[in-house]
Asks: 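Sharing a structure, written as structure tokens. Questions coming.
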Amino acid sequence: MTPAGAGTARENGAGKTAPATDGPILRIDDLVVELPGPHGTRTRVVDGVSFDVPRATTVGLIGESGSGKTMTAHAVLGLPPEGATLSGRLLWHGEDLLAADPARRRAVRGREIAMIFQDPLAALNPTQRIARQIGEVPRRDRLPRAEVNRRVVELLDRVGVPEPERRMRAYPHELSGGLRQRAMIAMALAGSPALLLADEPTTALDVTVQSRILRLLADIQAADGLAMLLVSHDLRVVSHVGERVVVMYAGRVCERGPARDVLRRPAHPYTAALVRSVPAVRTRTALADPLPGAPATPANRPAGCAFHPRCPMARARCRAEVPEVREVAPGRWSACHFAEEVPGS
Amino acid sequence: TTTGGEDGGGSSASGDVTVAGTYPIESLDPHGAQGASTGTQLAAQEIFSRLVKPAADGTPEGDLATSWKAGKDVTSWTFTLRSGVTFSDGSALDADDVIASFQRMIALNGPNAGNFPGDTMTKVSATEVVLHSPAPDASVPGKLGTFYVLPSGVGKDDTAFFNHPVGSGPFTVDAFTPSQSLVLVPNTKYQGTKPTLSKVTVRNIPELASRMTALRTGEVDVAWGIPDDQLASLKSQQDLTVKTVPSSAEFTMWFNSSIPALKDAKVRRAIWQAVDFGTIVGKLYPDTGKAADAPVTSVVLGHAAQPAVTYDPAAAKAALTAAGFDFSKKLRLQFANDEFKPFVQAVVSDLQKVGVQVEPLEKEQAVFTEDLLALKWDINFQQLATPSYDAASNLGRLYTCAARRMGYCNKQLDGLLAAAGATADKQRRTDLYARASRIIWQDAVGMYPMSVSIAYAWNSDLKGFVPDASGLPDFATVRTGGS
Amino acid sequence: MIRMIVHRLLIGVFVMWGAASLIFLVVRAAPGDPATVLLGPDATRSQLDQLHASLGLDRPLGAQYLSYLGDVCRLDFGESHWLGRPAMGAVLDRLPATIDLTVTATVIAVIVGLTLGMLAGARPGGLLDRVVSACTIALQSFPTFWIGIMLVLVFALTLRLLPSSGVGSPQHLVLPAVTLSFPFVAIIARLTRTSLAETMRESYIQTARSKGLTERQVLFGHALRNSLIPVVTVVGVQVGALVGGAVIVENVFAWPGLGSLVVEAVANRDYTVVQGATLLIAGIVVVLNLMADLLVAQLDPRIRTGAV
Amino acid sequence: MAGITVAVEKPATTPRRARRPLLSRVPALVVGCYLLVAVVGPMVIHYDPVHTSLEDRLLAPGSQVSGGGTAWLGTDGLGRDLLAQIVYGARTAVLIGVSTVALSCLVGVLLGAVAGYFRGAADAVLARIFDVLLAFPAILLAIVIAGAFERSVLLVVVALSATGWITFARVTRGIALSVRERPWVDAARVLGVPGRTILARHVLPFTAGPVVALATLEFALVVLAEAGLSFLGIGLPPSTVSWGQTIANGKEYLETQWWISTLPGIALSLLIVNVGILGDQLTARYGRGRTD
Amino acid sequence: MSASERTLLDVRDLRVSYGGRRGARAAVDGVSLSVAPEETLGLVGESGSGKTTVARCVAGLLRPGAGTVTFEGRPLGRAGRRPPELQRAVQMVFQDPRSSLNPRMTVASIIAEVWRTHPVTAPEGDRTEALHRLLADMGLDPEVAARRAGDLSGGQCQRVSIARALAVRPRLLVCDEAVSALDVSVQAQILRLLVDLRGRHRLAMLFISHDLGVVHQIADRVAVMHRGLIVEEGRTGEVLTAPRHAYTRALLDAALDLDDPVPEDGTADGRAVV
Ligand SMILES: Nc1ncnc2c1ncn2[C@@H]1O[C@H](COP(=O)(O)OP(=O)(O)OP(=O)(O)O)[C@@H](O)[C@H]1O
Ligand SMILES: Nc1ncnc2c1ncn2[C@@H]1O[C@H](COP(=O)(O)OP(=O)(O)OP(=O)(O)O)[C@@H](O)[C@H]1O
Ligand SMILES: [Mg+2]
Ligand SMILES: [Mg+2]
């Protein structure tokens with residue numbers, strides 16, 4: 001609602017520092033997404049989220065179901081659900097996309113920022129051959145047909161689809177899950193974007209396929225110098241691909257920083273609990289002491305720190321005061337009043 | 001008339017006339033299953049000739065026959081044919097064609113054949129034929145109004161012939177689409193006065209409201225069978241002529257005299273008395289209805305006026321009570337046509353006022369006829385026409401003990417009717433039917449509330465149009481005003 | 001694809017058998033003897049018997065049924081004694097009028113219905129959507145005979161723009177076809193709206209948007225074709241319903257179609273025509289549904305390749 | 001992108017929201033009124049369809065009748081009060097509508113649920129019955145049935161139900177087919193809950209919403225179809241008062257005595273419009289065949 | 001097998017194919033496995049390998065095309081045709097927590113139905129109290145009894161599902177991806193609950209999961225399925241640390257662990273190695 005960049009943004013520090021030398025490719029600054037709730041209420045499903053995506057870097061966005069990851073990604077692309085209101089700033093190369101006119105936003109989509117969706121079967125049009133869907137962005141440049149087809153074959157080849165000339169004529173349902181996701185990635189790459197938003201790109205896939213797709217994404221990212229925002233609820237995925245992570249809980253950021261540091265030494269009790277609950281595959285780990293209760297949702301977010309009802313360290317202050325995201329160590333940001341006391345940090 | 005609505009009214013100047021047919025013309029074969037249907041009759045009388053045809057007032061007049069006379073015992077009738085008559089294809093029409101047509105009609109066993117049970121026709125000479133019947137039959141000339149002469153050699157179901165039939169009537173067929181339209185053009189070989197119209201189109205418009213609309217927009221030039229409530233607004237329209245003619249049809253409400261409740265003539269008379277037919281007819285049929293004064297209408301041979309039955313509910317109630325009538329029993333009043341529902345309901349309403357419970361039962365034609373014959377009713381409503389214009393085919397046929405049509409049996413009546421059927425003497429027959437009518441009337445075999453007139457409305461540009469008592473107007477003599 | 005067609009054809013044959021049997025049952029169970037209607041109250045016993053024999057009504061029901069099925073297979077419904085001609089001929093005579101009316105009404109309904117549905121469904125909940133919803137509810141709620149009478153009053157009687165009834169010129173077709181198309185427009189519009197609105201919520205629409213397509217490109221390039229799939233099926237079924245279901249409109253406009261033939265034939269107990277007409281209608285319905293299915297398969301590759 | 005523009009253009013949807021529920025209750029209220037009139041009306045207004053008063057025929061609305069009362073909505077060609085006919089017609093419409101829908105619903109839901117839940121032969125047979133019945137346009141089949149047998153209200157109900165049940169069966173079958181795959185049904189089966197109980201407790205309740213929505217829409221169709229039959233003069237006996245018959249009776253008086261056809265036409269259309277909207281509301285709420 | 005009296009569940013040469021006469025595909029193509037009393041067998045494999053199909057056959061929701069499923073030597077027929085005690089002996093927990101519960105029924109009525117179906121398991125005396133005890137056992141508040149699935153969180157739903165299964169005192173619990181749909185933090189709660197209950201009720205479990213880590217945590221033995229066949233079976237530790245079959249190896253290679261945030265001794269963050 002508020003015009004982007006207006007002074008209403010909460011001071012949470014994110015906007016003040018610009019650690020990357022040449023500036024981040026995308027800076028999300030105090031992003032708020034409100035959705036209409038029941039009885040005319042409005043729910044802040046994304047509440048003051050700020051983080052940067054530096055050039056040629058993969059940022060992992062993790063959090064449990066309903067924490068607002070998808071909503072954040074969609075907001076970046078400018079495709080929130082009907083009736084949503086957005087505020088804050090989305091600085092794309094320093095240009096505020098929220099303030100830009102629709103034509104400009106459309107021009108960015110697909111060309112500069114592309115997206116990969118979770119369920120490739122649902123995200124591909126079932127009545128069109130994949131060649132047509134992949135070629136849609138190149139076709140917008142009024143390239144000759146043969147040229148478009150050549151590009152489609154090239155893209156499919158690039159993402160490791162065998163026999164691209166044949167497969168390009170397939171309908172989505174004629175492909176296996178892995179191939180579909182590859183086609184989806186080819187489609188995202190078709191406009192040579194600078195930032196790739198990948199919303200749970202492997203969740204619907206088998207482990208073996210998942211690892212191959214993740215490797216493919218990492219390869220592409222490295223080769224093209226792409227920036228990538230990888231949305232996932234799976235810590236293991238993010239830990240493998242992400243150089244930085246942002247952890248969300250109930251629509252807010254609770255921690256962000258370099259991936260290895262965050263997962264090794266969490267600076268937020270929620271991150272710590274998440275890391276603890278991931279069992280190892282190759283060694284036998286004991287059952288973790290589970291967090292009590294169910295994850296908070298943006299619709300009924302507890303007062304104060306949203307995590308306090310489940311937090312083993314919660315104190316009176318946590319119940320009353322919403323913690324700011326603050327820099328607790330160089331490059332490490334946490335939204336815990338007592339970040340320094342988190343075990344393992 | 002051209003088809004568009006935009007130039008509606010003025011088009012009859014071209015010599016084209018469009019007629020709104022109430023009933024569909026399904027077939028042009030006057031001998032077949034559809035032979036008795038109004039649509040087929042309407043078409044057949046323009047395309048074919050008959051030995052004898054009814055004039056507009058119903059009396060028989062010569063068509064192919066120049067004269068006819070009955071044998072002594074009225075079991076045979078001799079017809080003298082007009083000479084020099086040709087079919088529209090130029091071939092001559094002679095006695096062989098007449099005989100062949102008669103045989104074809106009997107062989108097809110359609111409804112018209114039912115008028116001539118056991119009858120045979122023989123040739124005397126090229127210009128004379130004789131019709132023999134097993135029993136004396138004075139109504140033969142009247143009944144022959146439904147017998148049409150086709151060229152000999154037309155097969156039993158010769159569809160090719162009836163696509164472009166060859167006849168000796170005033171018109172020939174230009175185009176025919178069953179149940180939709182029939183286009184007639186003058187027959188250049190017609191023996192009588194040739195029609196001046198260049199084209200007559202009969203369009204089937206079954207829905208009354210549509211028919212009226214088409215008439216008023218000028219899409220059609222002639223329509224008939226118009227209900228009273230429509231007449232006022234038609235009359236107010238300048239370019240339309242509206243006229244009603246008495247027909248042979250009469251509202252006939254037989255009592256089932258075979259059931260205990262209605263066995264007693266006193267009860268039947270009382271019920272008749274209990275209905276205010278004067279008001280009902282006056283209100284519902286101010287133009288096309290007239291209180292009936294005999295079991296057959298005044299246009300029928302054998303009509304004899306009877307004293308009016310006056311409306312007197314009090315007397316009726318008293319008489320019913322006196323006769324021990326069971327008021328708790330519901331009488332079944334059956335009828336078959338939606339159009340009569342208001343009338344039937346009005347009757348039921350009046351009867352209810354004196355405590356007689358009547359349930360109106362509207363039945364599909366098939367069920368109605370079956371139930372009618374099986375006497376599965378207490379009161380039966382019918383609009384009964386006498387197309388032969390001869391009481392023989394109404395009174396003489398329906399009211400005998402043998403006919404068992406309404407459970408009424410009266411030996412004296414049987415005698416009168418038999419005597420009337422066995423003589424060709426007009427005066428004597430009228431007399432005998434008058435005596436029969438008195439018995440029927442006084443015994444209240446049925447209630448006879450109303451004789452029906454047919455209302456016609458036509459474009460005033462049409463000259464020489466004669467409304468027909470049978471609802472089968474002839475267009476041979478019609479001219480358009482423009483010429 | 002071929003297998004699907006063969007399968008559907010087999011079902012079609014079965015359906016025709018079922019339809020033939022059903023109509024046979026209904027007609028025979030009905031009270032009222034066709035011979036009495038034909039011959040009138042004056043028929044003699046022997047005349048009735050003779051007609052019964054020639055109608056085949058004197059044989060046991062089973063035998064009648066079997067020979068009836070045999071005749072149906074030969075597309076011969078026998079001689080209509082009511083009309084005095086082969087029943088099939090009488091039925092086929094009515095077919096052109098029915099086809100004219102049905103095709104015209106369908107074309108009107110598809111064009112208007114799709115347009116309205118698209119306008120409404122592209123923006124569910126918008127002003128246009130609500131206006132269209134109101135219109136379609138109204139269109140469906142007024143009895144067709146009522147609409148027909150009103151149109152006649154206005155266009156034939158008052159404005160004298162169009163003929164009120166009958167067949168002949170293209171002008172004759174306008175009022176009945178428009179009347180007939182009214183509820184059909186509503187059905188198509190509502191279905192298109194729902195289907196389009198549902199399609200617009202699909203995630204591949206989001207994908208298309210993420211490629212930077214304009215709303216118009218998304219609508220015409222991705223949403224429309226997919227949202228038409230359920231519409232096609234319903235149009236197929238509805239056109240079938242129009243073939244014989246236009247009775248009321250036919251009645252109001254004196255349109256000599258198949259539907260009114262059935263009504264008249266039922267009243268006259270003409271078994272041959274009732275059977276011939278209803279089975280012809282059933283056959284048309286079956287073929288239309290098959291065509292709709294083939295079209296759906298053409299639109300939806302998942303069905304074409306047997307994946308769904 | 002829709003979201004952003006929507007958001008900027010329509011800042012607050014709250015005020016309109018507040019008014020909406022009231023307005024959205026209108027259809028239910030109107031339909032309720034009709035039901036009330038159908039049930040109570042005949043007790044308040046006396047009307048005998050058999051009784052005709054020819055002196056009072058074709059009176060305009062508001063005229064005095066010979067008996068001393070006022071014909072608020074005029075009289076018809078037999079002098080019968082139109083208001084009373086509309087009220088009694090409402091009863092017929094509701095009676096036929098409700099009975100037809102109830103019969104169709106009962107048969108359809110039962111067969112649909114059994115076919116959908118148990119699948120197999122029952123399902124195959126039902127599918128073929130659908131195919132056969134759907135080969136006839138519904139109104140045509142109703143006409144053949146209603147035209148062939150002796151007139152009565154029951155006949156009309158049966159004729160209209162002949163195809164009416166199919167929609168119910170289809171919807172129910174669809175829901176049963178999808179619900180039977182739900183884990184809670186599997187859980188009940190693993191527990192050994194008998195098939196009939198599963199059908200009754202775990203499957204059928206989910207058909208209720210869509211079936212109610214469907215019944216509403218079907219009710220509208222039935223009332224329209226009955227009017228259509230009456231218009232053609234098929235089905236109902238003359239002693240029954242029905243809107244369709246009144247409209248048909250009045251169609252020849254349209255230009256001069258417009259009220260005879262128009263008023264019952266309005267009564268009919270008003271009911272259908274409101275039932276239609278109500279049905280849409282219910283459909284929107286319960287979905288067509290959705291289970292949650 | 002050394003002692004058939006030591007097996008609880010025995011599946012022999014199970015074959016199932018879907019898709020009718022033509023186009024039939026074997027989803028399970030000759031699977032044999034057994035579960036001893038109080039043992040947990042993990043069943044892992046890729047999507048479509050046939051795990052669910054096996055589970056449904058065991059639970060009696062699916063009739064196998066060939067092969068036998070026996071429980072303590074007695075054949076298990078289809079659900080609903082089993083003798084009551086066998087019916088009770090095998091219960092199942094499903095993947096989707098929310099749709100495992102009839103959304104129209106309250107938790108209380110769900111449990112009441114169980115007791116009505118198997119009166120022997122119904123508590124004597126006050127049922128409300130018994131219900132509350134049962135819910136407490138599952139770590140649920142008594143007030144949950146009056147609620148429906150829609151008003152419960154995913155974790156609560158899954159606890160109610162487990163309560164329903166355990167209300168008839170089963171001997172074998174089939175868990176088909178029972179924790180896969182849950183958030184990680186809740187997943188840990190449910191796993192803890194299952195392990196607790198397994199001990200207290202002396203339950204055997206057929207635990208199906210595609211998450212090798214979870215299986216590693218709680219299964220005694222593990223069977224690896226691939227394309228309708230069991231390609232490897234053995235003690236969990238052995239199979240998952242020293243796989244013999246190439247497919248198992250591929251599966252393990254593909255499986256991700258947290259990108260080595262933990263030193264091998266596992267002490268740094270309290271995740272002790274057992
Ligand atoms: N179209 C929508 N309308 C209303 N609320 C929505 C819609 N989509 C999401 N939400 C709500 O917004 C919140 C954030 O949802 P979001 O999809 O961003 O979560 P997520 O982190 O991506 O979760 P998941 O892991 O389940 O995908 C949730 O509480 C969800 O219920
Ligand atoms: N109802 C069904 N109809 C047809 N095929 C089915 C059906 N259920 C499963 N299949 C097929 O059977 C095979 C085995 O399926 P199953 O569900 O047992 O696998 P799974 O190992 O449980 O997979 P997942 O990990 O995806 O749950 C798959 O190829 C699947 O496509
Ligand atoms: Mg998401
Ligand atoms: Mg599975």
Side-chain angles (χ1 to χ4, degrees), chain C residues 11-12 14-19 21-23 26-27 29-32 123 133-134 136-138 140-146 149-150 152-153 157 183 190 194 209 215 237 240-248 251-252 258-259 262-263 266-267 269 274 277-279 281-286 289, chain D residues 1-2 6 27 127-150 162 217 220-221 223-225 227-229 231-234 243-244 247-248 251 254-255 258 261-262 264-266 268-277 279-280 283-284 288:
Chain C
I11 290 185
F14 171 86
V15 167
M16 291 312 292
W17 167 75
S21 309
L22 176 67
I23 209 69
V26 170
V27 169
R123 264 288 165 87
S133 291
T136 52
I137 288 203
Q140 267 185 316
S141 300
F142 288 92
T144 43
F145 54 86
W146 173 258
I149 291 172
M150 288 301 150
V152 168
L153 266 182
L157 215 50
R190 289 165 63 99
T194 316
R209 288 190 177 127
E215 276 304 291
V237 171
L242 287 193
V243 171
V247 189
I248 292 171
N251 181 287
V252 171
L258 280 174
V262 174
V263 177
V266 169
R269 291 296 180 276
V274 173
T278 47
L279 285 183
I281 292 167
I284 293 174
V285 170
V286 167
N289 287 349
Chain D
M1 82 141 237
V6 167
R128 295 292 87 86
I129 293 179
F130 285 168
D131 285 342
V132 169
L133 281 178
L134 288 177
F136 299 104
I139 187 79
L140 192 72
L141 197 60
I143 284 172
V144 171
I145 295 174
F149 295 87
E150 197 184 328
L217 294 172
L221 289 182
V223 173
L224 271 185
L229 286 183
F231 177 82
L232 293 175
I234 295 173
W243 289 333
I247 294 172
K251 69 181 180 235
L254 255 182
E255 274 182 285
W258 54 270
S261 274
T262 309
I266 290 174
L268 172 64
S269 301
L270 199 65
L271 174 63
I272 305 299
V273 166
N274 283 290
V275 170
I277 299 175
D280 280 356
T283 311
R288 231 180 229 284

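Note that these values count all heavy atoms, side chains included, but never hydrogens, waters or copies made by symmetry. Reminder, nothing fancy here: chain letters follow the sequence lines and each chain counts from 1.
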Asks: I'd like to check I272(D) versus I137(C) (side-chain heavy atoms, cut-off strictly below 4.5 Å). Are they in contact?
Replies: no
Asks: With a 4.5 angstrom heavy-atom cut-off, which part of A227(D) approaches chain C: side chain, backbone, both or neither?
Replies: both
Asks: W146(C) versus L268(D): any side-chain heavy-atom pair under 4.5 Å?
Replies: no
Asks: What's the separation between atom CZ in F142(C) and atom CG in L270(D), rounded to the nearest 0.5 Å?
Replies: 8.5 Å
Asks: I'd like to check L140(D) versus V262(C) (side-chain heavy atoms, cut-off strictly below 4.5 Å). Are they in contact?
Replies: yes
Asks: Looking at I11(C), I284(C), V27(C), V237(C), which makes the most heavy-atom pairs under 4.5 Å with chain D?
Replies: I11(C)
Asks: How far does CG of L22(C) sit from CG of L133(D), to the nearest 0.5 angstrom?
Replies: 6.0 Å
Asks: Using heavy-atom distances under 4.5 Å, tell me whether I277(D) contacts chain C through its side chain, its backbone, both, or neither.
Replies: both
Asks: Select, from A248(D), S261(D), G265(D), the one with the greatest count of heavy-atom pairs under 4.5 Å involving chain C.
Replies: S261(D)
Asks: Among V274(C), T194(C), I149(C), V252(C), who wins on heavy-atom pairs under 4.5 Å with chain D?
Replies: I149(C)
Asks: Out of curiosity, I143(D) CD1 to T278(C) OG1, how far, rounded to the nearest 0.5 Å?
Replies: 12.5 Å
Asks: With a 4.5 Å cut-off on heavy-atom pairs, point out which of D280(D), I145(D), V275(D) contacts chain C the most.
Replies: D280(D)
Asks: Let's test your reading of the structure: which of A134(C), A30(C), G259(C) forms the most heavy-atom pairs below 4.5 Å with chain D?
Replies: A30(C)
Asks: Counting heavy-atom pairs under 4.5 Å to chain D, which of G240(C), A138(C), A29(C) comes out on top?
Replies: A29(C)
Asks: In terms of heavy-atom pairs under 4.5 Å with chain C, which of G276(D), S269(D), A142(D) leads?
Replies: S269(D)
Asks: Using side-chain heavy atoms (C-beta onward) and a distance below 4.5 Å, is F145(C) in contact with I247(D)?
Replies: yes
Asks: Determine yes or no for a side-chain-to-main-chain donor-acceptor pair under 3.5 angstrom, with R269(C) supplying the side chain and A148(D) the backbone.
Replies: yes
Asks: Is L134(D) in contact with chain C via its backbone, its side chain, both, or neither, using a 4.5 Å heavy-atom distance?
Replies: backbone
Asks: Are side-chain heavy atoms of P137(D) and V243(C) found at a separation under 4.5 Å?
Replies: no
Asks: Among Q140(C), R190(C), M150(C), which residue has the highest count of heavy-atom pairs closer than 4.5 Å to chain D?
Replies: R190(C)
Asks: Side chain, backbone, both or neither: which part of A267(C) has a heavy atom under 4.5 Å from chain D?
Replies: neither
Asks: Check the pair F136(D), V285(C) against side chain to side chain contact (heavy atoms under 4.5 Å, CB included), reporting the backbone distance first and the verdict last.
Replies: CA-CA 7 Å; F136(D) 299 104; V285(C) 170; over 6 Å; no
Asks: Any non-hydrogen side-chain atom of W243(D) less than 4.5 Å from a side-chain atom of P143(C)?
Replies: no
Asks: Once rounded to the nearest 0.5 Å, what's the spacing between atom CZ of F231(D) and atom OG1 of T144(C)?
Replies: 8.0 Å
Asks: Could you please spell out the steps behind the side chain to side chain contact (heavy atoms under 4.5 Å, CB included) verdict for V266(C) and I234(D)?
Replies: CA-CA 11 Å; V266(C) 169; I234(D) 295 173; over 6 Å; no
Asks: If you take all heavy atoms of V286(C) and A135(D), which pair is closest and at what distance?
Replies: CG2-CB, 4.4 Å
